[in-house]
Amino acid sequence: MTELRVNGERLWATIMETAKMGATARGGICRLTLTDADRQVRDWFVRECQAAGSNVTVDEMGSIFARRPGRDNSRPPITIGSHLDTQPTGGKFDGVYGVLSGLEILRTLDDADYTTNAPLEVVSWTNEEGSRFTPPMLASGVFAGAFERDFAYALEDCDGRKFGEELRHIGYRGRVKCGDHKLGAYFELHIEQGPVLEAENQAIGVVTGVQSQSWYEITVTGRESHAGSTPMPLRQDAMVVCARIVEATHEVALNHAPLAVSTVGLVEVRPNSRNVIPGSVFFTVDLRHPEDAVLRRMEEEFRAAVDWAAGDMGLKVTVVNNWSSPSVKFDEACLGAVRTAAGDLGYRHRDIVSGAGHDAVCISWVAPAAMIFIPCEHGISHSEEEKTEPEHITAGANVLLVAVMAHDNTLRDRA
Ligand code: GLV
Ligand code: MN
Ligand code: MN
């Protein structure tokens with residue numbers, strides 16, 4: 001095992017520094033993708049990577065790659081990455097931790113004047129969260145060939161602003177072709193965003209895969225009319241149909257307990273006035289399960305619930321399946337490096353399947369990939385209350401460092 005270790009205090013201080021960019025009054029971060037706060041953290045990240053001796057490039061999706069040369073630069077890089085964007089009421093660690101641990105490893109190698117065999121690369125992928133622009137994991141998806149670049153450029157936020165123009169506006173529509181290079185291996189470090197590691201007092205999760213998920217957009221069209229003078233039998237109330245579907249969607253997950261989950265997270269009511277019967281409602285549904293076959297059954301039940309909900313009221317309901325991601329299993333050799341690193345460093349660890357989506361999902365389609373989790377308090381994430389401890393932060397980054405170095409050393413052995 002390498003003798004090198006990260007500087008945990010420096011890493012924690014760096015995370016807290018970036019937490020100021022887009023900070024909310026309640027201790028979280030609002031750094032939606034391609035906003036001014038996103039530009040601010042990107043500019044900072046580019047400067048810090050350059051100061052740590054790496055060469056920075058930006059691809060046409062705005063993903064930032066910081067590359068530190070190795071002994072043999074004809075080899076594909078070993079890449080560490082995650083994302084710097086957050087949810088509207090995000091926490092300080094989701095995504096940021098994975099990117100800044102990569103930066104901390106660049107700094108650690110620079111301090112030690114250590115040269116790896118393969119080049120080492122740290123990447124911040126654009127728009128992992130999928131909150132401002134849907135679908136999520138957008139830039140890693142384009143990198144992996146799952147989406148076309150121009151499909152991404154044409155996506156609109158809720159104010160009708162286009163992804164491609166916003167990318168240019170913040171100065172990060174780079175020239176490098178997205179997906180231009182192969183990755184030798186990809187490692188992503190993240191908070192668990194669930195309660196398992198904390199409950200079992202485990203320091204490290206060896207993430208063997210990610211569950212499948214499917215997203216829908218539903219529009220219910222009724223008729224606007226006066227809340228006081230329209231008799232109940234004459235109403236075409238889009239909100240009532242929406243409410244039925246919300247309840248039924250919740251039931252779909254309960255029918256497949258304990259692993260299934262379902263969420264209606266975004267609802268737009270028109271005209272959204274307290275004394276007007278809603279004429280239309282737009283809302284989103286997020287369904288997830290570790291097994292693809294079970295997720296398909298959940299989707300069938302959800303669609304049946306939509307037909308039932310609209311049935312007796314005669315309102316028009318449109319359902320669009322706007323994104324799906326099948327379950328993923330990570331690479332055994334990369335997972336082996338993570339497991340061995342956790343064991344050699346003396347950390348309690350267990351295998352775990354991720355409930356959340358990550359850029360590693362897309363990258364696993366084009367490169368050997370693995371993920372590492374650390375615990376977070378009460379499993380809470382996508383929330384300003386998101387918390388974890390400095391000791392967990394350091395442990396995860398050291399497991400990442402040791403796993404990456406072990407992977408790099410297998411290249412030396414093969415040379
Ligand atoms: C990504 O953050 C997700 O929704 O899992
Ligand atoms: Mn994340
Ligand atoms: Mn997230």
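As the structure lists them, so they are numbered: ligands from 1, and atoms in each ligand from 1.
Side-chain contact check for Q213 and H289: no donor-acceptor pair (N or O, by modelled atom type) lies under 3.5 Å. Side-chain contact check for R288 and T263: no donor-acceptor pair (N or O, by modelled atom type) lies under 3.5 Å. Checked by atom type, the side-chain pair N322/W215 shows no donor-acceptor distance below 3.5 Å. Side-chain N/O atoms of S214 and N321 include a donor and acceptor closer than 3.5 Å. No side-chain donor from either of D408 and T116 sits under 3.5 Å from a side-chain acceptor of the other.
Protein atoms that are N, O or S and lie under 2.8 Å from the Mn ion (ligand 3) are these: D94 OD2, E129 OE1, E129 OE2, H382 NE2.
Judged by the 6.0 Å distance and 45° axis criteria, R173 is positioned over the aromatic ring of Y153. Judged by the 6.0 Å distance and 45° axis criteria, R42 is positioned over the aromatic ring of Y172.
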Pairs of nitrogen or oxygen atoms, one from ligand 1 and one from the protein, closer than 3.5 Å: please tabulate them with distances.
from: ligand 1; atom 1: 2 (O); to: E129; atom 2: OE1; distance (Å): 3.0
from: ligand 1; atom 1: 2 (O); to: H382; atom 2: NE2; distance (Å): 3.2
from: ligand 1; atom 1: 4 (O); to: R288; atom 2: NH2; distance (Å): 2.8
from: ligand 1; atom 1: 5 (O); to: R288; atom 2: NH1; distance (Å): 2.9
from: ligand 1; atom 1: 5 (O); to: R288; atom 2: NH2; distance (Å): 3.4
from: ligand 1; atom 1: 5 (O); to: G357; atom 2: N; distance (Å): 2.6

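Applying the salt bridge (charged side-chain N to carboxylate O under 4.0 Å, His left out) test to every pair with at least one member in residues 389-402, sequence neighbours left out, gives no pairs at all.
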With a cut-off of 3.5 Å and sequence neighbours excluded, list every side-chain donor-acceptor pair involving residues 184-194.
from: Y186; atom 1: OH; to: G81; atom 2: O; distance (Å): 3.1
from: Y186; atom 1: OH; to: W125; atom 2: NE1; distance (Å): 3.1
from: Y186; atom 1: OH; to: E188; atom 2: OE1; distance (Å): 2.8
from: E188; atom 1: OE1; to: A360; atom 2: N; distance (Å): 3.0
from: E188; atom 1: OE2; to: S82; atom 2: OG; distance (Å): 2.8
from: H190; atom 1: NE2; to: D94; atom 2: OD1; distance (Å): 2.8
from: H190; atom 1: NE2; to: G95; atom 2: N; distance (Å): 3.3
from: E192; atom 1: OE1; to: V196; atom 2: N; distance (Å): 3.4
from: E192; atom 1: OE1; to: L197; atom 2: N; distance (Å): 2.9
from: E192; atom 1: OE2; to: V196; atom 2: N; distance (Å): 3.0
from: Q193; atom 1: NE2; to: D94; atom 2: OD2; distance (Å): 3.2
from: Q193; atom 1: NE2; to: S381; atom 2: OG; distance (Å): 2.9

